[in-house]
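The next block holds one structure in the form of structure tokens; read it before the comments.
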Amino acid sequence: MSEVTLTHRRLPHWKVDGAIYWITFRLVDAIPLDKCHAVQEARNLWLKRHPEPWNDAEWAEYNRSFDERIESWLDSGMGSRTLARPDARKIVSNCLLRFNGERHRLHAAVIMPTHVHILLEPLKGHNLSRILKGIKGASAREINKLTGGSGTFWLDESYDHVVRSEKQYWRFVRYISENPAKGGLRDDEFWLYEGGARLSSGSFPGNE
């Protein structure tokens, strides 16, 4: 198994050499603060009782309790919905693809009006945190110029999980593919990338 390191800010982040990550980042106004605080408190308590890695039952419980609730809020389209603009989505997609194949491998991605889901594999010698900082920082600056905005664009912290099995990998690929329809979006309200969906040897450090 590859070396695993764990870092903490508001959310736990597992870092595994050679792994593929399921990552979500969202606009700073995508979910009202009172909803964010309530779910964060509940999640913190749950995480203390269920340290990673999780088994199938724990994954299912976590998804029911937190992921599905947050996703329903994101898909409801609250806040500015800046990424519903084609020109804003183009900036984000360009940033996702700019170093694809050089610093990272983008397996699949969807840009929704309020958030972004990606399956991303850092390539050897490149750090996930720096890759995400570059993508989010560059896109925020360009979109603020486009819209005349200022200040924070993305929520500071991203949500990421190591993909731990082939089954889980394809479930995330399917989720990305189905997310626009689930959110009731028109074809001109999202960007979908599935051309890189494939597996790499040694990408899964454990079982689901």
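Counting from 1, the numbers follow the sequence of the chain as shown. For the numbers below, each heavy atom of this structure counts, side chains included, while hydrogens, waters and symmetry mates do not.
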Testing the basics here: between [X] and [Y], what is the closest heavy-atom pair and its distance to 0.1 Å?
X      : Y      : result
Val110 : Pro180 : CG2-CG, 3.8 Å
Ser139 : Cys95  : N-SG, 3.7 Å
Leu119 : Tyr169 : CD1-O, 3.9 Å
Ala109 : Leu96  : CB-CD1, 4.3 Å
Pro122 : Ile131 : CB-CD1, 3.8 Å
Pro86  : Asp188 : CG-O, 4.2 Å

How long is the straight-line distance from [atom2] of [Y] back to [atom1] of [X], given to the nearest 0.5 Å?
X     : Y      : atom1 : atom2 : answer
Ile91 : Arg141 : CD1   : CZ    : 11.5 Å
Asp29 : Thr152 : CG    : OG1   : 11.0 Å
Arg85 : Leu146 : CZ    : CG    : 4.5 Å

Quick one: are the ring centres of Trp154 and His115 less than 6.0 Å apart?
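That pair fails the under 6.0 Å test.
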
In terms of relative ring orientation, are His50 and Trp46 parallel, tilted or perpendicular, with 30° and 60° separating the classes?
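It falls in the parallel class, under 30°.
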
So do [Y] and [X] actually touch side chain to side chain, heavy atoms under 4.5 Å?
X      : Y      : result
Ile23  : Leu128 : yes
Asp87  : Ile143 : no
Thr114 : Leu83  : no
Arg105 : Leu120 : no
Ser150 : Asn144 : no

Following the transitive rule for hydrophobic clusters with a side-chain heavy-atom cut-off under 4.5 Å over Ile, Leu, Val, Met, Phe, Trp and Tyr, establish whether [X] and [Y] coincide in one cluster.
X      : Y     : result
Trp191 : Leu27 : yes
Phe99  : Tyr21 : no
Leu132 : Leu97 : yes

Please check: side-chain N/O of [X] versus main-chain N/O of [Y], any donor-acceptor pairing under 3.5 Å?
X      : Y      : result
Asn100 : Leu106 : yes
Asn179 : Met112 : no
Glu178 : Tyr175 : no
Asp160 : Trp22  : no

Can a side-chain donor-acceptor contact be found between His107 and Glu121 if the only test is distance below 3.5 angstrom?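 Yes, a side-chain donor-acceptor pair sits under 3.5 Å.
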
Considering residues at least two apart in sequence or located in another chain, which fulfil the side chain to side chain contact (heavy atoms under 4.5 Å, CB included) criterion with [X]?
X      : value
Lys133 : none
Asp187 : Phe190
Glu194 : Ser177, Leu192

Exactly one of Lys90, Arg89, Arg98, Lys136 clears salt bridge (charged side-chain N to carboxylate O under 4.0 Å, His left out) with Glu142, and that residue is Arg98

ask   = Do Tyr193 and Ile111 pass the side chain to side chain contact (heavy atoms under 4.5 Å, CB included) test, and can you show the C-alpha distance, the side-chain angles, and the key distance before you say yes or no?
value = CA-CA 9 Å; Tyr193 175 84; Ile111 302 173; over 6 Å; no

